[in-house]
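Quick note: numbers below take in every heavy atom, side chains included, and nothing from hydrogens, waters or symmetry partners.
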Amino acid sequence: MNKEFELEQRRVGAVLEAIQQEIGKLEKETSMRKNEVVTIRKHFWDEVRVNTDTFDDYLETIIGLRQEAQALSVSQSTHRHASKRLSTLRRMKEIPYFGRIDFTEDGSTTQEQVYIGISSLRDPHNEDFLIYDWRAPISSVYYDFQPGPANYTTPMGVIQGTLEKKMQYLIRHGVLQSMFDTSLTIGDEILQQVLGKGTDKQMHSIVATIQQEQNRIIRHDRGRLLVVQGAAGSGKTSAAMQRIAYLLYKYRDRLKADQIILFSPNTMFSQYVSNVLPELGEENMEQATFQEYLDHRLSRDFQIENPYDQLEYVLSKTDSPSYQARLESIRFKASTRFADAIHTYRQSLETSGMLFKDITFKGKPIVTAQQIEEQFYNHDTDLKFYNRLESLKDWLLKEINELQRNERSKQWVQDEIELLSDEQYYKARNFLAKKRGYSRESVADYEIEPKALANLIVQQRLKSVRKRIRSLEFIDLKGIYKQLFLNKWSEEDLPKNWPAICQLTVEQLEVNKLLYEDATPFLLLQELILGFQTNNSIKHIVIDEAQDYSPFQFEFLKRLFPMARMTVLGDFNQAIFAHASERVDFHTLTNLYGPEESEFIQISRSYRSTKPIIEFTRSLVPNGESIIPFERDGEPPLLKRVGDYEELHSQIASKVSDLQSRGFNTIAIICKSAEESRRAYESLNIDDLKLIKSGSSEYEQGIVVIPSYLSKGIEFDAVIIYDASANVYGDESLRRIFYTACTRAMHELHLFSVGVPTPLLRDAIREVFIKNQE
């Protein structure tokens, strides 16, 4: 084995030399291309003779311009590709490859050794591949097969053969640290080493340890919808990022990174995964939160509650008089039933119910809301709804034209003319002269006409009115949505506290506030009235933490991105929002595109935590036995009961000190809510303690206090549950949020309880999945 290890280390050295040679060439090429681009830009017009005297001269000028523009475009494109390749090679100097297969093609006696990394690399003579890209067809054998008969698909057909051997390598900074024959256990030894080293500031690629189920996710290429249900720590997000890298590679001629968008749970998580695609050799895709999209569309007119403020209300305002009504409101407005109600309501507006705003000028209505309503419902009623609005808009613009003719002879216009400065008068004369066909040289000969100047003054004053009409701002969207809660509904469709829900909604609308549960319904109604603002350029969307989205929101996203395929990742056990009672799973999502266009993949093995932590956390949720722990040993979770908060803070500070002394870098003190996090942060006496808030955009390392719902998707070396008492987690509805908090721990999990522990721990204590330190 030592000799084989030496040979492999020698090969690593040879590959690194080849990488360095290509880097040297590309550095010269990128420098040359950069100078070329700068020179072409600098002397662009020197190379073109501009002459438009005759048609032939004009044609010669156009051809010259096109040739120079093409030369610039070619140089820019070559420089861009060379720079991207250079960036990839520099990453390959650290980890040139991670795997190898020995494959014999049927009909051949030659065994080919295929080394696999983040990008392909040929030898200096350009004859043989030293490394194959992990997305290349032959690389799929590495993920899909154990030694024995194997095959892979190429554009030319299926290649059959025999997988003789499969190896994995751990190479860091160009040094081979370890290598394993993975014929029997696919990647487990490597994975144990990777997981044993804790988490870095950015989530690192686990491409070297992909199991077959993850490879199915990455290379899935059928239908419009892929739903991935994965236990906490199962690597579903990492596999999805690699799936995007694979698709960008496979369809590189027609799919670009800016045509893919990731909807992540929060901006901190976006930053946390920001390094994954570049690490896999691709540019980063667009990233956004659903809240950012809502703000983009609605924040001009409303103050919009964000989902974390909504959840904070649910977790900490249980004594509010309107608490039960708010809970029912959240659940009802997230449902497909309410989405159907919005569609039905919009249909009803074709015959009655449209509300409009007065169109005013100089503080007086020129067309009243009632006049607009009468015009809408009494004219062009045979047209489709949106065409009727276009016709209404045209009618209003004609009314404005008539107003303009009437206003230009009024005294206020003459007063404004007299108050014009010399500069304003000069600009008006130039504008009117050009409109009349005067050349720049003959403008001085133009004698301004008082009637034309008066008309221009009125036209300028009416400019903003016309703009509002063209953008349909005369429609009272807020009033129309509010009217929905003032109309009569059939009793069987309604939540028990419907009158209180209506009152709460109307009160918020009247002060221009939209509760989070109202934002998507309001936007849907707005789109159904004004016409959907679809985005056809996006070809693929990835939705992470899908269990936090309502069925309503999924329907909206489908309509927003009609050309996109969708990859949906989630874990229903972590469905922490109040609307989660109407579950989003494969069966409900299938309705988006139909069963023939949808596929479901479940990954059950969890890699994040030690086996004792997973055995504990799976006892917290229904059907937890389906979660398979990875065979990595560790200490069982510890439960410590304390008498009061003073003792709690002392014990937590002591535990943090102990964890730091044992080399743990990221330690999270997880609280139920932001309110509890703030109290904990102010009371704990720990150096360099950081408080994570819902507005945080940076993934902080070190010791952090964080609300449970912000910790989703992030992992920590050690986790401390601040107060796992019955007083804090006493309600069954908190089971999933408690589970989410506990599953953030990689190596150690410690729970403290001020007084009696939460009943959610009953099974874990009975089955001795947690050590009870009384």
Side-chain angles (χ1 to χ4, degrees), residues 1-34 78-103 111-136 138-139 141-143 165-182 187 189-191 193-194 196-197 200-202 204-210 242 245-246 249 275-283:
M1 183 65 183
N2 285 339
K3 187 167 184 184
E4 188 181 354
F5 191 89
E6 280 178 30
L7 288 171
E8 290 289 354
Q9 180 60 67
R10 241 180 268 162
R11 186 185 191 279
V12 170
V15 168
L16 289 175
E17 277 186 37
I19 290 172
Q20 189 56 52
Q21 281 185 39
E22 191 171 341
I23 286 174
K25 289 178 187 174
L26 281 171
E27 283 177 338
K28 289 178 184 175
E29 185 180 345
T30 52
S31 177
M32 183 185 74
R33 292 298 181 186
K34 184 177 180 181
T78 306
H79 177 260
R80 187 165 56 249
H81 285 111
S83 297
K84 184 179 177 183
R85 177 63 177 166
L86 190 57
S87 174
T88 300
L89 287 167
R90 284 170 177 159
R91 282 196 297 275
M92 289 173 72
K93 278 184 70 177
E94 298 293 309
I95 307 173
Y97 49 86
F98 54 78
R100 183 187 106 201
I101 57 170
D102 296 354
F103 185 77
Q111 186 183 104
E112 185 181 3
Q113 289 188 335
V114 176
Y115 287 80
I116 300 168
I118 65 166
S119 184
S120 296
L121 178 74
R122 288 181 178 269
D123 65 19
H125 304 293
N126 208 30
E127 292 175 355
D128 297 315
F129 277 99
L130 297 175
I131 304 170
Y132 283 84
D133 193 294
W134 67 275
R135 295 158 291 193
I138 194 170
S139 300
V141 173
Y142 176 79
Y143 301 113
K165 194 175 188 180
K166 182 156 60 171
M167 301 288 294
Q168 286 192 356
Y169 302 90
L170 188 63
I171 303 172
R172 293 294 179 268
H173 310 297
V175 177
L176 178 61
Q177 295 183 353
S178 57
M179 53 187 278
F180 299 95
D181 185 328
T182 60
E189 295 92 341
I190 291 280
L191 188 57
Q193 291 202 25
V194 172
K197 293 182 181 298
D200 292 326
K201 187 172 171 66
Q202 269 98 13
H204 283 298
S205 160
I206 60 164
V207 72
T209 57
I210 304 170
Q242 292 161 50
Y246 171 73
Y249 176 84
N275 207 41
V276 175
L277 278 181
E279 201 179 74
L280 294 170
E282 291 294 347
E283 295 177 17

**Q** Identify, with sequence neighbours excluded, every residue that meets salt bridge (charged side-chain N to carboxylate O under 4.0 Å, His left out) alongside Arg100.
**A** Glu8, Asp102

**Q** Identify, with sequence neighbours excluded, every residue that meets side chain to side chain donor-acceptor pair (under 3.5 Å) alongside Gln20.
**A** Lys93

**Q** Restricting to side chain to side chain donor-acceptor pair (under 3.5 Å), what partner residues turn up for Glu27, sequence neighbours left out?
**A** Arg90

**Q** With sequence neighbours left out, write down each residue that passes side chain to side chain contact (heavy atoms under 4.5 Å, CB included) with Ile95, or none if nothing qualifies.
**A** Arg172

**Q** For the atom pair CG (Leu89) and CZ (Arg91), what is the distance rounded to the nearest 0.5 Å?
**A** 9.5 Å

**Q** Side chains of Glu4 and Met179: closer than 4.5 Å at any heavy-atom pair?
**A** yes

**Q** How many angstroms lie between atom CZ of Arg10 and atom CG of Leu7, to the nearest 0.5 angstrom?
**A** 5.5 Å

**Q** Got a second to check how far Gln177's CD is from Phe5's CZ, nearest 0.5 Å?
**A** 8.5 Å

**Q** Hydrogens and angles aside, do Ser139 and Arg135 bring a side-chain donor and acceptor to less than 3.5 Å of each other?
**A** no

**Q** So, does Gln9 use its side chain to make a donor-acceptor pair with the main chain of Leu176 at under 3.5 Å?
**A** yes

**Q** Who passes side chain to side chain donor-acceptor pair (under 3.5 Å) against Gln113, sequence neighbours left out?
**A** none

**Q** Go through the steps to decide whether Phe98 and Ile116 satisfy the test side-chain contact (heavy atoms from CB on, under 4.5 Å), and finish with yes or no.
**A** CA-CA 6 Å; Phe98 54 78; Ile116 300 168; 3.8 Å; yes

**Q** Kindly write out the residues that satisfy ring-ring contact (aromatic ring centres under 6.0 Å, His included) with Tyr97, not counting sequence neighbours, or none if the list is empty.
**A** Tyr115, Tyr169

**Q** Would you please name every residue forming a side chain to side chain contact (heavy atoms under 4.5 Å, CB included) with Gln21, sequence neighbours left out?
**A** Pro124

**Q** Who pairs with Glu94 by side chain to side chain contact (heavy atoms under 4.5 Å, CB included), at least two apart in sequence or on another chain?
**A** His173

**Q** Does the pair Leu130 and Arg11 meet the rule for a side-chain contact (heavy atoms from CB on, under 4.5 Å), with working shown?
**A** CA-CA 10 Å; Leu130 297 175; Arg11 186 185 191 279; 4.2 Å; yes

**Q** Using every non-hydrogen atom in the two residues, find where Gly117 and Ile131 come nearest and quote the distance to one decimal.
**A** N-CG2, 3.4 Å

**Q** Heavy-atom distance under 4.5 Å between the side chains of Met92 and Leu16, does that happen here?
**A** no

**Q** Tyr132 and Ile138: which non-hydrogen atoms are nearest, and at how many Å?
**A** CD2-CG2, 3.8 Å

**Q** To check you understand the geometry: which heavy-atom pair defines the closest contact between Ser119 and Asp133, and what is its length?
**A** CA-OD2, 3.4 Å

**Q** Would you compute the distance between atom CG of Leu121 and atom OG1 of Thr88 and round it to the nearest 0.5 angstrom?
**A** 11.5 Å

**Q** Could you work out, with side chain to side chain donor-acceptor pair (under 3.5 Å) as the rule, every residue matching Glu22, not counting sequence neighbours?
**A** Arg85

